[in-house]
*Asks:* 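Encoded as structure tokens, here's the structure I'll be asking about.
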Number of protein chains: 2
Amino acid sequence: MDFRALRSFVVLANQLHFGRAANLLHLSQPALSKQIRKLEDEIGAPLFHRDTAGTSLSAAGAVLAKDAEDLLARCGEAFLRAQRAGRGEVGTLDIGFGIATYELVPRVIARFRSRYPEIHVSLRDMPTAEQVLALRAGRLDIGFIRLPAPDDFAVRPVATERLILALPPAAKDVRTMADLHGLPLVVMSRERTHYIFDQVIALCAAFHVTPYIAQEVAEFPTALALVASGVGASLVPRSARRDDLPIVYREIDHPAADWSVGAVWRPVEGECVVANFLACLGEKLGAQRSHPSSSDDIPPSPTGSAHDEFGR
Amino acid sequence: MDFRALRSFVVLANQLHFGRAANLLHLSQPALSKQIRKLEDEIGAPLFHRDTAGTSLSAAGAVLAKDAEDLLARCGEAFLRAQRAGRGEVGTLDIGFGIATYELVPRVIARFRSRYPEIHVSLRDMPTAEQVLALRAGRLDIGFIRLPAPDDFAVRPVATERLILALPPAAKDVRTMADLHGLPLVVMSRERTHYIFDQVIALCAAFHVTPYIAQEVAEFPTALALVASGVGASLVPRSARRDDLPIVYREIDHPAADWSVGAVWRPVEGECVVANFLACLGEKLGAQRSHPSSSDDIPPSPTGSAHDEFGR
DNA sequence: CACGATAATAACCAAAAGTTATCAAGACGT
DNA sequence: ACGTCTTGATAACTTTTGGTTATTATCGTG
């Protein structure tokens, strides 16, 4: 059943006049006659009674007319929805995020939702590794993971932190990571924030320090309190620093101390939903909105900007 | 938006493989590629991600796929409904009937409804003249009217009655209508059954008899009771005759005494609903099923058959 | 009875959709 | 690392379809 014929049929059913209907449809009367006749052949029954005194709907025509109008409306609707989906205005967006983005992501999503109310956003809390898998499998559109990202992803760095050394006053002669060797260490529990734990371990390894774990804690303030009470040293993000405690801080001048989170996505052509979300993200970060909607180059990293976007 | 392209799209969305989908659609792979590309151009966004590793739906494609399947189903449904309407299996049937068919018509309609449950039958009680107008205006499909019908209608005679003279014993020397002159007459009230009244008047006129109306009644048995008690003569359908009363009956050998009802309809090409109804009617009458579904000749009149189908 | 209106038909033309053959790019197995 | 295979795109060509104009048949109507 041809679509154009259906549209012609509806117009004719309203006009009940081949000439007028043909005009409205911007085609000639014989063309319309042919279309209708073809439709009638397909259906196997006349849709109109042709009478020189006037054209009128047949029983079959009357039945079809009722359905056809609705059908055309639905079709147009579907078409528009598809177009809007192409512009990233309707559809779904699956976002993965982890503990480090509990503050940032919901805020961006709130903005995104108000701007694109017809996008169904689904948030999935999962660790970095799982996000990478889900992204590759297409189960996620965007992930927020610890950087660096595997290089088959496009990246938008979102927040950068740097670990600093927190020392009890008694250990104020420790100046660098290397001096940490043998000192007891307060670390974040691997349970909840294993990537922080992992990074601490990796950082120690980078300095050939064998960490001696004195205590595991769940929150940075707790760790600092323990440091202040002399339990041991700790490594915390700079934003967690508290100066009201008797603690000595040391910068760590090593890339392994950098701790950044970025939005990553598969660099696929023409998926506007992702681009739209990244635009919201960019605005939220107050940074330049460099997001390649249809190119797979990695946007310039705004390193050094956007501190303190997370931290507890 | 082309319909065939939509169907192709749905198949491809299920298969996610141009070659296989093309096979299922019985066309070549380039043709399918072209169709999809055209659809994408119309919509303005890619519907699939083409990757040598495999084809997958884009965001827009996923949205459209959801709608398209439903759309196609509805379309097929509408198509089938139209076909069935063409065969007179769905739709509406507007029937007009009057007092004389109160017994027959509902029985036929019951049969018709059980056979064509998806035809919405609407019954309209209206007198002959009004039925004729409604039929011409297309507001009725079938009417049951007193015959003869105007000759732009097709007719199926349904019941024939003949008026007979009912005389009180005291008037048994009356032998023909002509002898009725001056005799008091018991007639049916014009209110309820004006066509019977009218026919009695017409019958009298045919014999140049000026009727002298002694009494109007509502039912034939009442009329006969009055006749038996000597109030006057009466004209009743033969089927109303009662032999347990002291009444003398006389046949009237004149066409004006004939009183028949027929189903009439506009002889329009290819309206199966009407034909189907007439088939039911024919079966109910137990007569030959001569009903011209697509010709406008009047079916052979089964005169003399089908007595007693109405009468009160 | 000629005229006007309406839809069907015919002849023709252009656009489309289909076909086969071929190409380019990755995945894959050796 | 290199042919091979798979997959989809492209090109050239053909067929089909849909559209146009011109004409005809058939009614109502002045």
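Worth knowing before you read on, the calculation uses all heavy atoms, side chains too, and leaves out hydrogens, waters and symmetry mates. Being a predicted model, the structure only gives us computed values, none of them experimental. So that the names make sense, note that chain A is the first sequence line, chain B the second, and so on, each numbered from 1.
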*Asks:* Could you state the CZ-C1' distance from A:Arg4 to D:dT16, rounded to the nearest angstrom?
*Replies:*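 Going from CZ in A:Arg4 over to C1' in D:dT16 covers 13 Å.
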*Asks:* Grab the CZ-P distance between B:Phe3 and C:dA17 for me, whole Å please.
*Replies:* 15 Å
*Asks:* With a cut-off of 6.0 Å (strictly less than), are more than 12 heavy atoms of other residues, nucleotides or ligands near CZ of B:Arg7?
*Replies:* no
*Asks:* Measuring from the side chain of B:Phe18 (C-beta onward, heavy atoms only), which nucleotide among D:dG8, D:dG19, C:dA7 has the closest atom?
*Replies:* D:dG8
*Asks:* Under a 4.5 Å cut-off applied to non-hydrogen side-chain atoms, are A:Ile109 and A:Phe277 in contact?
*Replies:*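 Touching, per the 4.5 Å side-chain cut-off.
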*Asks:* I'd like to check B:Val90 versus B:Tyr116 (side-chain heavy atoms, cut-off strictly below 4.5 Å). Are they in contact?
*Replies:*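 Counting from C-beta outward, B:Val90 and B:Tyr116 never come under 4.5 Å.
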*Asks:* With respect to the phosphate group of C:dA17, does any side-chain polar atom (N or O) of B:Lys38 fall under 4.0 Å of OP1 or OP2?
*Replies:* yes
*Asks:* For C:dA7, does either OP1 or OP2 sit under 4.0 Å from a side-chain N or O belonging to A:Thr55?
*Replies:* yes
*Asks:* If you find the nucleotide of DNA chain D closest to B:Gly19 and the one closest to B:Lys34, which residue's nucleotide is nearer the 5' end?
*Replies:* B:Gly19
*Asks:* To the nearest Å, how far apart are A:Leu32 CG and D:dG19 C1'?
*Replies:*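 Answer to the nearest Å: 12 Å.
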*Asks:* Starting at NE2 of B:His17 and ending at C1' of C:dA27, how long is that distance when rounded to a whole Å?
*Replies:*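 To the nearest whole Å, that distance equals 13 Å.
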*Asks:* Quick one: is A:Ser33 getting a side-chain N or O under 4.0 Å of the C:dA7 phosphate, OP1 or OP2?
*Replies:*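 No, outside the criterion.
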*Asks:* Remember a base hit wins even if backbone is also touched, and classify B:Ser28 as base, sugar-phosphate or nothing at under 4.0 Å, heavy atoms.
*Replies:* base
*Asks:* Rounded to the nearest angstrom, tell me the gap between atom CD in A:Gln35 and atom C1' in C:dA8.
*Replies:*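 After rounding, the gap between these two atoms is 15 Å.
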*Asks:* Could you tell me the separation between the CD1 atom of B:Ile36 and the C1' atom of C:dA17, rounded to a whole number of Å?
*Replies:* 14 Å
*Asks:* CG of A:Leu27 versus C1' of C:dA15: gap in Å, rounded?
*Replies:*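 Answer to the nearest Å: 15 Å.
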*Asks:* Can you tell me how the ring of A:Phe3 sits relative to the ring of B:Phe3, calling it parallel under 30°, perpendicular over 60° and tilted otherwise?
*Replies:*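 Ring orientation of A:Phe3 relative to B:Phe3: parallel.
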*Asks:* Within this structure, what is the NE2-to-P distance between B:His49 and D:dT7, rounded to whole angstrom?
*Replies:*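 Going from B:His49 (NE2) to D:dT7 (P), I get 19 Å.
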*Asks:* Per the atom types in the model, does the base of D:dA9 pair as donor or acceptor with the side chain of B:Gln29 at under 3.5 Å?
*Replies:* yes
*Asks:* Closest to the A:Asp2 side chain: D:dG18, D:dT21, C:dA7?
*Replies:* D:dG18
*Asks:* I want to confirm an ordering. Mapping A:Asp51 and B:Pro30 to their closest nucleotides on DNA chain C, which one lands closer to the 5' end?
*Replies:* A:Asp51
*Asks:* Hey, is the side chain of A:Arg20 poking within less than 4.0 Å of OP1 or OP2 on C:dT6, counting only N and O atoms?
*Replies:* no
*Asks:* Does the pair A:Arg124 and A:Arg139 meet the rule for a side chain to side chain contact (heavy atoms under 4.5 Å, CB included), with working shown?
*Replies:* CA-CA 10 Å; A:Arg124 311 247 285 280; A:Arg139 293 194 309 275; 4.1 Å; yes
*Asks:* Return no unless some side-chain N or O of A:Arg50 is found under 4.0 Å from OP1 or OP2 of D:dC27.
*Replies:*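 No, outside the criterion.
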